[in-house]
Amino acid sequence: MPEDSFETGVAVGERWARTDGRAKVRGELLYAADQPARPCLDVAIHRSTWPHARLVSVDTTDARAMDGVVAVVTGADLHAVLGERMLTGPAFADQPCLAYDKVRYVGEPIAAVIGYGPAAVRRAAEEIDVAYADLEPIHDVDAAIAGTAFVHDELRPSAVFGDLRHLRGKKDTNVNYEYTLRHGNSGAAAETAAHTTSGDFWCPPTHHVPIELPFTAAWPEGDRIEVLSTTQTPSYVRQTLADLLDLPLNRVRVRCAPLGGSFGAKMYDRLEPLAAALAWTQRTAVRIAVTREEAFLLTTRHGAAVTGSMASDEAGDIVAAEADVRYDTGAYADVGPRITAKSGMIANGPYRIANATVRSRCVYTNKPSAGPFRGFGVPQVTWAHESLIDELARARDEDPAAFRRRNLLREGDVAVMGTTMHSADFISCLDAVTGAVGWDAPLEPAAGRLRRGRGVAVGIKAVLTPTISNATLQLNQDGSATLLISTVDMGQGSDTIMAQIAAEVLCLGEGQVRVVTADTDVTPYDTITAGSRSTYHTGNAVRLAAEKMRDRLIGLAAGRLSVETTDIKLTSDGVVSTQTQETLTVPDLLLGHFGARGTTLTTEADFATSWAPYDKETGRSPQVTEHWFAGAAAVQLIVDTATGRVHIEHLAVAGDVGRAINPALVEQQLTGAAVMGIGHALFDELVFDEGQITNGTLLDYQLPSIKDMPDRITPIVIQSPHRSGPFGAKGVGETAIIPLAPAISNAVRDAIGIRFTRLPLTPERIITALAEQHTEGGTA
Amino acid sequence: MSATIEPTVNGVRRRLTVEDDDLLLDVLRQIGRTSVREGCGVGACGACTVLVSGRSVSSCLARAIRYDQAEITTADGLPEDDDVIEAFVEAGAMQCGYCIPGFVLMSHELLAENPQPSREEIADHLEGNICRCGTYPEILAAIESAARRRSQSGVPIGETT
């Protein structure tokens, strides 16, 4: 739907500046570590040097004797006090904040030194002496599935997800969760297909690397625990700490600050359980400020192997698709089981597919735990299905964009997992990006050793369902508003988006709605700030709270003006009687109502989504998600056949956002995710050697810089309004990263005739493939 | 060993007692200059950038003791009407904002040396600063806008406001 067909409002659809933009540029915004806090002791962590071993002894004698050391706390010390409550995690309660019986990855925390000054505690942490009894380490997903060594003695699903309960106590496996989808009979259909493509695909583990380092401070406050932390999930952390310390929720306070980026890194259990356990058991204020090297150990993006195939009949319909997906979740499940299901169910892509099979498994290995990362496991399966469909189109000698367009899901279609499509306009996304890069124009060959190519890919993702958001809105007597939500602004601009939604309903202007930073003592429950869910979920809660406020104002005005409520309208000038044209400003109305200046009128609202669980036999569900994200990327690039380097000339990305509350912020999410995706396509990779990260510093870990920018980058906003989105809106944080890597790889395939199945497409990998192509005569 | 240094920070002379191995980054943060931030600790991300007599320095690699008598500028010490800051704000050149003060200071250094940089020269100069949110298109636009305005208003080369 074109933008100008929407009703024009005062706020929604406007390019309002970020509420904190100037403070960010001036460097005056205070992040968590910059916030005023009480004096805290510093904490340093002694970490495992073994990937898999029993702890024989932890000798802290020398460390305790060092200058500046106040206490040394081991996993065994905490376990003696907290018992099994020490094991936390969002899907599985399997992770101790300090290891006490065995270690499961290189870098796992074993003991914490508390004392005066970072240098003193770090020196002391080095003096802790640990004796290990070596166990067989598991470094690889497929070895973990086949092997006889086990990372955990038994599975421990958390209390959060009822559908994981049957896994409790399961022994002798590294597979902590398995999702299967069966729709029709893909095996039989593939046998009679006209064209089939198949492949083994691999996405390596990567790291989020938000530039702000993780930080947590914690202190006992009488009979309460207070925590100031870099987290996207304050409501979750409060519950976790309440469970950990066996406290009621009102004795746990979790405060946030604006985040200096996160992308999934700062959520669920990171530094908070350790900081809270130390503060509570030692009755002292502590701060944990980790180094970049330590931050690499806190969480990663799942490496994933996908064995997939896709088949079409003579007419070009997709008759079968299969995917066997193995997510490497590392030593602790974190939210891996959820990723395995949510990404598994769309592992065949957003297509009309007659017969489909998926097997998606979440697998423990002896690596740092993998958790949520922008895209929630979907980019890994998209890498497979968007490479497969590209080859299938080529096998049919059909244009890859045209072949996709013919088979893409449309409004009202039921996807293979059983849920109906709505507000997911893949066709418009595809047409927009291919149009932007001039897909149908002849490709001008590049000169000499350079080869030019074009590629395209689409992506689908389900929003996390079911979830809950709450909003509390205060209208101040002077007409300004204060909004209390637990959504965390980490750069996506949620404070600005939520202000615009409230302002739209209440006819307020830019700068008139203040959003309070999440603080569980003050701001109401919100499931998480993640999965691109906030605009829709928190946005709806904010819209509902604002509508209640509008109705209250109208009620007050009707009483004051002695007219029916239906005669009152709220406008930018105040409340107006449509009969008499009499107008009252909001400050006058509230002053009259309360008889005092500075008063507040409060409304609140909650918004929750529901789902239908997967059928046990087929993995299908008529309502697996509240809504879908649809996106596409197209790219024109040049491969230098001498150096193996890829130069992107034009990258276009599109996302269907339902309705853009703030088009500028939507475009920024699209380009920002695309830039991150360029890294995943071309160089971003966490490298392990025998379980040890070998590139865990920013000297070694390559991130996209300004030099990696395409010559041209075009974000395109597609708007097919969602029937229950706030003003039709949905989120956009992940949409563009999903199709990015396969779009680039498909363009490389177009340029040099080589199909890559392993990411990233480094110059070395391209050079090696070109050399093999030369000697082997051009096989893909 | 500790020593006393007397740098000028954002125009204010400071008298500071520092240890031999104290980092300039930590010392500046301790006196409230929290626009200077650690991102990597190895001089690879640019979040800790400060200007010393107009030249960029990675304060996470700099020993504070060497900055006695130095003229240090941090982003939060730039004037209220700073043209580069205005250009960044107008271009929407920020997402999470954590790295942006570093980009602002690098832009000042660049424009002082090269008032009309090409896109390639801007990229060359900012290559060592990482914006993980990927705000590079807006940052490029902001610097080009600041350069254009300086040339129109005739600010002489080397002046930073």
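Protein chains get the first letters and strands the later ones, always in sequence-line order, with residue 1 at the start of each.
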- request: May I ask you to decide whether A:Asp700 forms a salt bridge with A:Arg292, counting only side-chain N to carboxylate O separations under 4.0 Å?
  value: no
- prompt: Any salt bridge between B:Asp20 and B:Arg63, counting N to O under 4.0 Å?
  reply: no
statement: chain B shares the most heavy-atom pairs under 4.5 Å, among A:Leu698, A:Asp708, A:Val25, with A:Val25
Basic-acidic side-chain contact under 4.0 Å: B:Asp83, B:Arg149: no
message: Using heavy-atom distances under 4.5 Å, tell me whether A:Arg26 contacts chain B through its side chain, its backbone, both, or neither.
response: both
query: Is it true that A:Arg374 and A:Glu734 make a salt bridge, defined as a side-chain N closer than 4.0 Å to a carboxylate O?
result: no
- line: Smallest heavy-atom separation, A:Asn662 atom then A:Gln500 atom, equals ND2-OE1, 2.8 Å
- prompt: Salt bridge between A:Arg22 and B:Glu80, side-chain N to carboxylate O under 4.0 Å?
  reply: no
- prompt: When only pairs under 4.5 Å are counted, which of B:Asn129, B:Leu126, B:Asp26, B:Val89 shares the most heavy-atom pairs with chain A?
  reply: B:Val89
- prompt: chain B heavy atoms under 4.5 Å from A:Pro704: which part of the residue, side chain, backbone, both or neither?
  reply: both
- prompt: Is the closest basic N to carboxylate O distance between B:Arg29 and A:Asp34 below 4.0 Å?
  reply: yes
- prompt: So what's closer than 4.5 Å to chain B heavy atoms on A:Met490: side chain, backbone, both or neither?
  reply: backbone
task: Return the option, out of B:Val104, B:Asp124, B:Leu140, with the maximum number of heavy-atom pairs under 4.5 Å with chain A.
output: B:Asp124
Among B:Arg119, B:Arg37, B:Glu90, residue most engaged with chain A (heavy-atom pairs, under 4.5 Å): B:Arg37
query: Any donor-acceptor pair under 3.5 Å linking the side chain of B:Asp68 with the backbone of B:Glu6?
result: yes
- prompt: A:Tyr701 vs A:His207 aromatic rings, parallel, tilted or perpendicular, using cut-offs 30° and 60°?
  reply: perpendicular
message: Only pairs of heavy atoms separated by less than 4.5 Å count here; which of A:Met676, A:Gln669, A:His208, A:Glu212 has the most with chain B?
response: A:Glu212
statement: Greatest number of non-hydrogen atom pairs under 4.5 angstrom with chain B, of A:Ile713, A:Thr671, A:Thr697, A:Val209, falls to A:Val209
Chain B contact via A:Ala33 - which portion, at a heavy-atom distance below 4.5 Å: both
- line: Of A:Asp20, A:Leu30, A:Ile211, A:Asp489, the largest count of non-hydrogen pairs under 4.5 angstrom with chain B goes to A:Ile211
- prompt: Between B:Ala47 and chain A, which part of the residue has a heavy atom less than 4.5 Å away: side chain, backbone, both or neither?
  reply: side chain
Residue selection (most heavy-atom pairs with chain A, distance under 4.5 Å) from B:Ser35, B:Gly134, B:Cys96: B:Cys96
